[in-house]
Undergrad: 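Quick one: this structure, given as C-alpha cells, is what I'll be asking you about.
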Amino acid sequence: MCVSLGALNTDRRDKAAPPAQQTNISGNHYHLHNNKTLHAAATHCAEEPTTDSENMWLPMLGMTALPHLGGLYGGYITRKEVKTWYPTLQKPSWRPPNAAFPIVWTCLYTGMGYGSYLVWKELGGFTEDALVPLGLYGTQLALNWAWTPIFFRAHKLKLALMEIVLLTGTVGATIVSWYPISRTATLLMAPYLCWLCLATSLNYCIWRDNSEEKEE
C-alpha cells in the first residue's frame, strides 16, 4: 500500500509538471515579443530624424543657390561692358579691382541665400510670420538683380545710383527684421550691407565724374 501511494504521488507530480513548463514557455514568448516591439519602435524613432534631415537638404540648397541666378545673368551682361564701355568712365582710385567683384558677389550671394534658409526654417516655412522678413528679402533680391542691367546695359548712372540707394535701405530693413529670428542669418547679411555701402559710394563717384553723354 505504501508503494502504491508513493507511485500515485509521483504520477501526480509528473502530471502537474507540463503546465509549469507551458507557463515558462508562454512567458518567454511574451518577453521576446515585447523586445521585438521595443526594438522596432527604437529603430523607427532613430530613423525619423534622418528622414527629416534629408528632407531639409532640398530647401537649403535651393534657397542658397537662388541669389546666384541673378548673379549669373548679371555676369553675362557685364562681360562685354567691362571691356568696352566701363573702361571709358572716370573712376576713383580706391575702387576695387575688376577681378574682385565676381569673387565677392559669389560669397555674398551664398551668405544671403543660406541666411534666408535659416530664417525660413526658424519660422516654419512660408508662414504668416515669414511674410515681412522673407518679403523684404525677396524685394532686395529683385532690386539687386535689377541694378546691373540699369548700370551696365542701359548706362543710366543716375538711375542706377537711386536704385542702389533704395537697395541698401531695403537690405538694412531686412537685417532689422531678421535679427529677432536668427542672429546667424543677420551676421551673414552684414558683409553684404558693408559692400553695398562701398558700391553706392562708387556709383555716386562715377555718376558725379562722368558727363551725361557717357550714360547714352
Side-chain angles (χ1 to χ4, degrees), residues 57-120 126 133-175 178 185 187-216:
W57 275 99
L58 185 59
M60 182 187 72
L61 293 177
M63 298 184 76
T64 303
L66 177 62
H68 292 276
L69 297 179
L72 292 173
Y73 176 67
Y76 172 77
I77 294 175
T78 59
R79 188 174 304 169
K80 177 183 176 182
E81 300 295 335
V82 165
K83 297 179 180 178
T84 56
W85 172 74
Y86 189 67
T88 66
L89 299 175
Q90 296 293 326
K91 296 176 285 293
S93 59
W94 49 264
R95 75 186 186 280
N98 293 340
F101 285 88
I103 299 173
V104 170
W105 277 113
T106 298
C107 297
L108 295 178
Y109 280 142
T110 302
M112 74 173 77
Y114 184 69
S116 70
Y117 162 74
L118 293 178
V119 173
W120 175 85
F126 296 106
L134 293 183
L136 286 171
Y137 170 76
T139 302
Q140 71 81 25
L141 191 59
L143 291 170
N144 180 292
W145 291 349
W147 182 88
T148 300
I150 295 172
F151 185 90
F152 281 100
R153 172 160 287 183
H155 301 170
K156 300 296 183 181
L157 304 181
K158 185 176 181 180
L159 180 60
L161 176 60
M162 292 188 292
E163 203 269 0
I164 199 171
V165 169
L166 179 60
L167 167 61
T168 305
T170 307
V171 171
T174 303
I175 291 176
W178 283 14
L187 291 175
L188 288 172
M189 289 287 280
Y192 177 36
L193 182 61
C194 294
W195 181 260
L196 283 179
C197 292
L198 176 66
T200 302
S201 301
L202 179 59
N203 194 155
Y204 168 76
C205 291
I206 292 176
W207 168 73
R208 180 195 63 190
D209 298 337
N210 291 271
S211 62
E212 292 296 324
E213 289 77 9
K214 291 283 183 71
E215 294 192 18
E216 300 300 330

Undergrad: Give the minimum heavy-atom separation between Ala185 and Val119, together with the two atoms involved.
TA: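 Distance-wise, the nearest heavy atoms are CB-CG2, 3.8 Å.
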
Undergrad: Who pairs with Leu193 by side chain to side chain contact (heavy atoms under 4.5 Å, CB included), at least two apart in sequence or on another chain?
TA: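 For Leu193 the side chain to side chain contact (heavy atoms under 4.5 Å, CB included) partners, ignoring immediate neighbours, are Thr168, Val171, Ile175.
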
Undergrad: Output the distance between atom NZ (Lys91) and atom CG (Asn210), rounded to the nearest 0.5 Å.
TA: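 With rounding to 0.5 Å, NZ (Lys91) is 7.5 Å from CG (Asn210).
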
Undergrad: On a heavy-atom basis, which atom in Trp94 and which in Cys205 lie closest, and how many Å separate them?
TA: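 Shortest heavy-atom contact: CZ2-SG, 3.9 Å.
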
Undergrad: Taking C-beta and beyond as the side chain, do Leu141 and Met112 meet within less than 4.5 Å on heavy atoms?
TA: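 Sidechains of Met112 and Leu141: in contact.
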
Undergrad: Would Phe151 and Trp85 count as a ring-ring contact (aromatic ring centres under 6.0 Å, His included) if you check the C-alpha gap in whole Å, the side-chain angles of each, and the deciding distance to 0.1 Å?
TA: CA-CA 11 Å; Phe151 185 90; Trp85 172 74; 5.5 Å; yes

Undergrad: If you count the non-hydrogen atoms of other residues, nucleotides and ligands that lie under 6.0 Å from NZ in Lys80, is the total more than 12?
TA: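 No, because the 6.0 Å sphere around NZ of Lys80 holds 12 heavy atoms or fewer from other groups.
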
Undergrad: Are Phe101 and Trp195 an aromatic pair by the rule of ring centers under 6.0 Å?
TA: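 Yes: the rings meet the under 6.0 Å criterion.
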
Undergrad: Just by distance, do the side chain of Ser201 and the backbone of Cys197 share a donor-acceptor pair under 3.5 Å?
TA: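 Looks like yes, one N/O pair under 3.5 Å.
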
Undergrad: Give the minimum heavy-atom separation between Val165 and Thr200, together with the two atoms involved.
TA: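 The answer is CG2-CG2, 3.9 Å.
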
Undergrad: Quick check for you: to the nearest 0.5 Å, what is the distance between Phe152 atom CZ and Ile77 atom CD1?
TA: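 Going from the CZ atom of Phe152 to the CD1 atom of Ile77 covers 10.0 Å.
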
Undergrad: Heavy atoms only: give me the nearest Asn98-Pro102 pair and the separation to one decimal.
TA: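 Nearest heavy atoms, Asn98 then Pro102: O-CD, 3.4 Å.
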
Undergrad: Short question: side chain of Ser116, backbone of Gly113 - any donor-acceptor pair under 3.5 Å?
TA: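 Yes.
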
Undergrad: Out of curiosity, Trp145 CH2 to Thr148 OG1, how far, rounded to the nearest 0.5 Å?
TA: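 The distance works out to 11.5 Å.
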
Undergrad: Rounded at 0.5 Å granularity, tell me how far CG in Leu108 sits from SG in Cys194.
TA: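 Answer for the CG-SG pair, Leu108 versus Cys194, is 10.0 Å.
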
Undergrad: First locate atom OH of Tyr73, then atom OG1 of Thr78, and finally report the distance between them rounded to the nearest 0.5 Å.
TA: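 Between Tyr73 OH and Thr78 OG1, I get 11.0 Å after rounding to 0.5 Å.
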
Undergrad: Tell me the closest heavy-atom pair linking Leu202 and Arg95, and the distance in Å.
TA: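 For Leu202 versus Arg95, the nearest heavy atoms are CD1-CB, 3.8 Å.
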
Undergrad: Does atom OH (Tyr86) have a neighbourhood of more than 12 heavy atoms from anything else shown, all under 6.0 Å?
TA: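 Enclosed: over 12 neighbouring heavy atoms sit under 6.0 Å from OH of Tyr86.
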
Undergrad: Leu61 versus Tyr117: any side-chain heavy-atom pair under 4.5 Å?
TA: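 No, side chains not in contact.
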
Undergrad: Of the non-hydrogen atoms in Asn203 and Ile164, which two are nearest, and what is the gap between them?
TA: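 Closest approach of Asn203 to Ile164: OD1-CG2, 4.0 Å.
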
Undergrad: From Thr88 OG1 over to Glu81 CD, what is the distance, rounded to the nearest 0.5 angstrom?
TA: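 Answer for the OG1-CD pair, Thr88 versus Glu81, is 9.5 Å.
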
Undergrad: Among all residues two or more places apart in sequence or in another chain, which pass the side chain to side chain donor-acceptor pair (under 3.5 Å) test with Tyr192?
TA: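 For Tyr192, the residues satisfying side chain to side chain donor-acceptor pair (under 3.5 Å) (neighbours in sequence not counted) are Gln140, Asn144.
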
